[in-house]
Protein chains: 2
Amino acid sequence: MDIEQTKIPQATAKRLPLYYRFLNNLHSQGKMRVSSKELSDAVKVDSATIRRDFSYFGALGKKGYGYNVEYLLSFFRKTLDQDETTRVALIGVGNLGTAFLNYNFTKNNNTKIEMAFDANTDRVGNEVGGVNVYHIDDLEEKLGDLSVAILTVPASAAQGIADRLVEAGISGILNFTPARISVPSQVRVHHIDLAIELQALVYFLKHYPLNEEAPMDEQ
Amino acid sequence: MDIEQTKIPQATAKRLPLYYRFLNNLHSQGKMRVSSKELSDAVKVDSATIRRDFSYFGALGKKGYGYNVEYLLSFFRKTLDQDETTRVALIGVGNLGTAFLNYNFTKNNNTKIEMAFDANTDRVGNEVGGVNVYHIDDLEEKLGDLSVAILTVPASAAQGIADRLVEAGISGILNFTPARISVPSQVRVHHIDLAIELQALVYFLKHYPLNEEAPMDEQ
DNA sequence: TGGACTATGTGAAAACTTTAACGACTTCCG
DNA sequence: CGGAAGTCGTTAAAGTTTTCACATAGTCCA
């Protein structure tokens with residue numbers, strides 16, 4: 001399962017879902033082939049980078065032709081483990097949490113939010129975006145073998161909940177709170193901090209040239 | 001204004017808001033000094049990286065002592081242009097948009113959402129998180145000299161709105177839609193794609209070692 | 001079928017980022 | 001006051017990512 005794949009650079013791995021989604025679009029539009037140049041225009045990643053990224057998986061294209069959409073897609077589906085849906089829990093059904101619950105992840109991603117938790121009893125028992133909301137007190141009881149959690153609680157609650165999630169056996173946390181949580185080294189945390197993203201954008205605008213050569217930044 | 005600053009690496013620039021926020025916390029806790037090691041533990045960035053980051057701005061610390069919180073903070077305030085509030089518009093008052101409007105950016109960030117727009121007449125005329133919601137048809141009329149926009153509309157509307165924003169003179173867009181929008185080169189776009197973040201996390205969990213040596217990845 | 005065209009895959013270089021290591025200077029305790 | 005401990009700022013090395021540039025091999029039209 002992990003043969004070869006460990007060698008794929010992180011930067012590449014982060015772009016895979018992007019490629020995957022765009023290929024999906026092409027496929028549903030009935031497009032049969034695509035070149036690295038076309039992909040580049042669509043996802044705003046240099047075409048050489050795309051070719052390099054793909055090449056980590058072997059020779060997926062054909063010279064003078066490009067890539068076969070169907071083939072590439074089925075290859076990526078396997079690689080991204082799209083066949084096996086990853087079950088996810090969401091903690092904190094505020095505005096941001098609700099946005100997530102209403103986002104149809106399963107459509108393209110084979111990632112499904114299975115359950116949600118909240119401390120507010122008004123929200124408990126409801127169904128949001130087709131997902132049941134349980135009380136946070138029942139976290140350990142309900143969580144089962146879910147391995148990924150999305151954390152959309154207030155910052156002050158983040159570390160406490162994270163500790164409980166770790167204790168309950170979670171292995172990945174997508175942390176949307178400004179708190180930088182501490183977890184054992186075998187648990188992976190990705191931070192997405194909305195305020196920082198906004199501030200960083202503003203900083204770049206003020207301090208980096210706005211012209212032709214403005215450094216690209218995606219992600 | 002731009003003297004020297006242009007040389008600061010992008011990777012460093014992205015961490016500045018993080019440092020800034022933590023220093024703010026320290027300051028309000030009455031802490032007078034802090035070392036790169038303490039900062040490192042808190043924000044989960046290697047201490048050598050922190051010292052290197054700071055050093056781009058000159059010698060801000062003192063050997064054998066660390067950094068003076070107040071001084072560092074006032075320095076960053078200037079550097080991050082915290083003194084001058086950046087005025088922002090938000091387009092699309094759905095769940096995600098609402099989450100933003102309720103997030104008190106101004107508190108730490110001197111970034112303020114001044115107005116919001118939506119196509120849904122039920123939302124127009126309301127006030128969300130203290131921000132007036134206008135109809136999207138009035139975008140050009142109301143926008144004034146705002147230079148940054150947060151895009152939280154459905155993906156299908158993203159490019160059209162982006163075109164209008166560019167036309168209206170916006171210079172930076174924080175794009176939360178899955179659509180990769182095209183803009184002239186003098187406009188800066190940062191993409192934040194929730195589905196991709198989740199998928200990337202799942203990919204890393206499955207393909208990268210979960211032990212001591214798991215590659216760190218923040219933001 | 002032949003030849004112009006197209007677009008991949010990759011070696012090599014460049015660019016960027018992180019990390020290790022340590023000299024130099026401060027602090028602080030006894 | 002003197003020496004141990006602490007911590008910065010930075011040089012140099014290692015690691016990662018992007019980009020260039022082109023040989024190679026397949027396409028496709030006449």
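Just so we're on the same page: letters track the sequence lines, and every chain starts at 1.
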As a test of reading the structure: which of [options] is closest to the side chain of [X], going by heavy atoms?
| X | options | answer |
| --- | --- | --- |
| B/Gln10 | C/dT17, D/dT18, D/dA25 | C/dT17 |
| A/Lys63 | D/dA25, D/dT19, D/dT18 | D/dA25 |
| A/Arg51 | C/dA20, D/dT17, D/dC22 | D/dC22 |
| A/Ala11 | D/dT17, D/dC8, C/dT18 | D/dT17 |
| B/Arg15 | C/dT19, C/dT18, D/dG26 | C/dT18 |
| A/Thr49 | D/dT18, D/dA23, D/dT27 | D/dT18 |

[N] [atom2] sits how many Å from [X] [atom1], rounded?
| X | N | atom1 | atom2 | value |
| --- | --- | --- | --- | --- |
| B/Leu16 | C/dT17 | CG | P | 13 Å |
| B/Ile50 | C/dT19 | CD1 | P | 11 Å |
| A/Asp46 | C/dA15 | CG | C1' | 13 Å |
| A/Lys37 | C/dT8 | NZ | P | 11 Å |
| A/Phe57 | C/dT10 | CZ | P | 14 Å |
| B/Lys14 | D/dT17 | NZ | P | 13 Å |
| B/Lys7 | C/dC16 | NZ | C1' | 16 Å |
| B/Leu60 | D/dT10 | CG | C1' | 14 Å |

Practice task
Would you mind telling me which residue lines up with the more 5' stretch of DNA chain C, A/Gly66 or A/Ser55, judged by nearest nucleotide?
Solution key: A/Gly66

Practice task
Check if the side chain of B/Arg52 and the base of C/dT17 share a donor-acceptor pair of N or O atoms closer than 3.5 Å.
Solution key: no

Does [N] have its OP1 or OP2 closer than 4.0 Å to a side-chain nitrogen or oxygen of [X]?
| X | N | result |
| --- | --- | --- |
| A/Ser36 | C/dT8 | yes |
| B/Tyr65 | C/dA24 | no |
| B/Lys62 | C/dT27 | yes |
| B/Tyr56 | C/dT17 | no |
| B/Arg33 | C/dT26 | no |

Handout entry: Least distance between heavy atoms, A/Leu205 atom then B/Gly172 atom
Key = CD1-CA, 3.8 Å

Handout entry: For A/Gln199 against B/Pro17, the heavy-atom pair lying closest together
Key = OE1-CB, 3.5 Å

Problem - First encountered from the 5' end of DNA chain D, between A/Gly64 and A/Thr12 - result: A/Thr12

Practice task
Report the residue (B/Tyr67 or A/Asp53) whose heavy-atom-nearest nucleotide on DNA chain D is the more 5′ of the two.
Solution key: B/Tyr67

Practice task
Go through the structure and list residues passing side-chain contact (heavy atoms from CB on, under 4.5 Å) with A/Asp118, not counting sequence neighbours.
Solution key: A/Val93, A/Asn120, A/Arg123, A/Val133

Exercise for the section: Determine whether more than 12 heavy atoms belonging to other residues, nucleotides or ligands lie under 6.0 Å from atom NZ of B/Lys37. Expected result: no

Practice task
Check the surroundings of atom CD in B/Glu70: do more than 12 heavy atoms from other residues, nucleotides or ligands lie under 6.0 Å from it?
Solution key: no

Exercise for the section: Ignoring hydrogens and angles, tell me if any N or O in the side chain of A/Arg164 forms a donor-acceptor pair with the backbone of A/Ile136 under 3.5 Å. Expected result: yes

Exercise for the section: With heavy atoms under 4.0 Å as the rule, sort A/Phe54 into base, sugar-phosphate or nothing. Expected result: nothing

